[in-house]
Amino acid sequence: MIEFNPWVTPLNQVTTDNLSTGGSIEYEYFDSSTDVLSSLLYTLFEQNWQQVGVGHIVQGGVLELEFNAPPKICILYDGYLTVVTEGWHLHLCIEANLGGPHCKTPVELRQQRQVNRAAFYRRFNAEGIPRSWGIDFWNGADENLMTIFLPNPYVEGENLLPEGKPNLSKLALYEELRDIYVLGNKPIPFTKNPLKHSYISVCTSTRCLPSRKWQPTFDALKSAVEKAGIDVEVRTSGCLEVCQLGPVVFYSDDRAWYTRVHPNVAETIVNEHLVKGNKVSEHIYPPESV
């Protein structure tokens with residue numbers, strides 16, 4: 001396992017795109033490795049959700065979403081960061097998407113899906129004055145995946161502030177993040193990847209009848225984890241890609257899937273695998289060859 005490095009090495013790469021309508025966009029690129037992206041996105045979505053927006057911009061259309069409350073879920077599973085709110089959710093591939101327990105995603109597709117390039121941007125008007133700030137992400141096919149909108153000093157709520165009276169204090173988040181992730185002047189404020197905390201999840205998908213009986217398994221896992229006194233979060237999840245063999249359980253530390261996990265099996269998984277590091281071979285998926 002690669003040791004977490006809290007210092008981002010600056011890329012010192014800046015480009016400017018001139019706009020046909022006048023003005024330009026300046027891009028300052030930064031390291032798009034998993035630990036760096038995880039730290040940045042956790043800071044944005046978990047710690048500063050009330051200040052940011054998320055969307056997608058192409059010629060002819062703009063999608064912009066806001067947070068009205070902290071995310072209900074912010075989790076990394078099989079390469080994808082999933083963020084769930086009350087009214088919408090997003091997925092962003094920031095690590096190799098292997099493709100479930102069978103690792104069925106072709107290598108070329110893994111490379112296409114994952115964030116390959118990221119940059120802080122400033123959009124300037126025709127007079128050369130910056131008017132908006134944000135962060136863009138591109139995949140391995142150089143397609144724009146997502147835009148994060150950072151606080152704008154010219155906007156308050158839905159209204160533009162009077163010309164010449166911007167609230168420049170709203171640039172504090174942009175400046176703080178740029179200092180860390182673009183310039184490398186300050187360390188990332190974490191000692192480990194904040195999206196890679198240990199968890200064990202139970203599938204609650206209604207796609208298969210067995211997984212609908214997830215609650216006793218969840219309760220058994222939670223009780224066993226508390227009894228063992230280990231720092232592992234017990235949570236629920238959507239489909240874990242092993243349909244018809246539920247209840248299905250996933251353990252994040254070593255990407256282990258378990259099937260037909262009834263309460264007594266759940267307790268065994270905690271005591272043997274999570275505590276001692278020994279997988280419960282009778283229920284592991286795919287079955288391990290002898």
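This is a predicted model, so every value here is computed, not measured. The analysis underlying the following values was restricted to heavy atoms, covering all of them including side chains, and did not include hydrogens, waters or symmetry mates.
Both V54 and L76 sit in one connected hydrophobic cluster of ILVMFWY residues. Membership requires side-chain heavy atoms under 4.5 Å apart, directly or through other members. Under the 4.5 Å side-chain heavy-atom criterion for Ile, Leu, Val, Met, Phe, Trp and Tyr, L145 and L65 are members of the same hydrophobic cluster. Y29 and I180 sit in two unconnected hydrophobic clusters of ILVMFWY residues. Membership requires side-chain heavy atoms under 4.5 Å apart, directly or through other members. When the side chains of ILVMFWY residues are joined at heavy-atom separations under 4.5 Å, either directly or via intervening members, L40 and L183 end up in a single hydrophobic cluster. V202 is connected to I284 through a chain of hydrophobic side-chain contacts under 4.5 Å among Ile, Leu, Val, Met, Phe, Trp and Tyr, so both are in one cluster.
One distance of note links OG of S201 with CH2 of W214; it measures 12.0 Å at 0.5 Å rounding. Distance check, rounded to the nearest 0.5 Å: CD1 of I25 to CZ of R122 gives 12.5 Å. Atom OH of residue Y27 and atom CZ of residue R123 lie 6.5 Å apart, to the nearest 0.5 angstrom. Interatomic distance, R178 CZ to L171 CG, rounded to the nearest 0.5 Å: 11.5 Å. To the nearest 0.5 Å, the span separating NZ on K72 from OG1 on T82 amounts to 13.5 Å. Taking NZ of K192 as the start and OG of S38 as the end, the distance is 13.0 Å to the nearest 0.5 Å.
Here the shortest heavy-atom pairing between P101 and V242 reads CG-CG2, 3.9 Å. Residues N97 and R110 share a closest heavy-atom pair of O-CG, 3.2 Å. The shortest heavy-atom contact between G100 and W257 is C-CH2, 3.6 Å. When all heavy atoms of T217 and V261 are compared, the pair lying nearest together is OG1-O, 2.6 Å. Here the closest heavy-atom approach between residue P130 and residue Y154 is recorded as O-CE1, 3.4 Å. Residues P151 and K170 share a closest heavy-atom pair of CB-O, 3.2 Å.
Under the 3.5 Å distance criterion, the side-chain polar atoms of S252 are matched with a main-chain donor or acceptor of Y199. Judged purely by atom type and a 3.5 angstrom limit, E267 has no side-chain atom pairing as donor or acceptor with the backbone of A224. In this structure, H273 contributes its side chain and N278 its backbone to no donor-acceptor pair below 3.5 Å. Proximity of a side-chain donor or acceptor of N152 to a complementary backbone N or O of W133 within less than 3.5 Å is not detected. Side-chain atoms of T147 never come within 3.5 Å of backbone atoms of H56 as a donor-acceptor pair (strictly under, hydrogens ignored).
Remark: of the listed residues K196, Q114, R113, K196 is the sole one forming a side chain to side chain donor-acceptor pair (under 3.5 Å) with E95.
Contact check for T43 versus Y181: side-chain heavy atoms found under the 4.5 Å cut-off. No side-chain heavy atom of S205 sits under 4.5 Å from any side-chain heavy atom of L240. A heavy-atom distance below 4.5 Å is not found between the side chains of T105 and L98. Side-chain contact between V265 and V249 is absent, with no heavy-atom pair separated by less than 4.5 Å. Contact of the F137 side chain with the L37 side chain is registered, since non-hydrogen atoms from C-beta on lie closer than 4.5 Å. Contact of the V52 side chain with the L173 side chain is registered, since non-hydrogen atoms from C-beta on lie closer than 4.5 Å. L177 is listed as a side-chain neighbour of L44, based on a closest heavy-atom distance under 4.5 Å. At least one side-chain heavy atom of I188 sits less than 4.5 Å from a side-chain heavy atom of F4.
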**OP:** Test I135 against F30 for side chain to side chain contact (heavy atoms under 4.5 Å, CB included), laying out the working first.
**Re:** CA-CA 10 Å; I135 307 170; F30 63 94; 4.0 Å; yes
Original post:
Going through the distances and angles, do L195 and T34 end up as a side chain to side chain contact (heavy atoms under 4.5 Å, CB included)?
Top reply: CA-CA 10 Å; L195 291 177; T34 300; over 6 Å; no
Original post:
Stepwise, does the side chain to side chain contact (heavy atoms under 4.5 Å, CB included) test hold for C74 with L81?
Top reply: CA-CA 7 Å; C74 189; L81 169 64; 3.9 Å; yes
Original post:
Does the pair K279 and Y258 meet the rule for a side chain to side chain contact (heavy atoms under 4.5 Å, CB included), with working shown?
Top reply: CA-CA 10 Å; K279 293 181 180 179; Y258 284 102; 3.6 Å; yes
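The number of heavy atoms from other shown groups lying within 6.0 Å of CG (D254) is above 12. Around CG of N68, the count of heavy atoms belonging to other residues, nucleotides or ligands within 6.0 Å does not exceed 12.
Under the rule for a salt bridge (charged side-chain N to carboxylate O under 4.0 Å, His left out), the partners of R255 that lie at least two apart in sequence or sit in another chain are D78. Residues satisfying the salt bridge (charged side-chain N to carboxylate O under 4.0 Å, His left out) test with D142, not counting sequence neighbours, are R117.
When only modelled atom types and interatomic distance are considered, D253 and S198 share a side-chain donor-acceptor pair under 3.5 Å. Side-chain N/O atoms of D31 and S33 include a donor and acceptor closer than 3.5 Å.
Under the 6.0 Å cut-off for aromatic ring centres, H102 and Y285 qualify, their centroids lying closer than that. Taking the six-membered ring for Trp and the full ring otherwise, F45 and F67 have centroids separated by under 6.0 Å.
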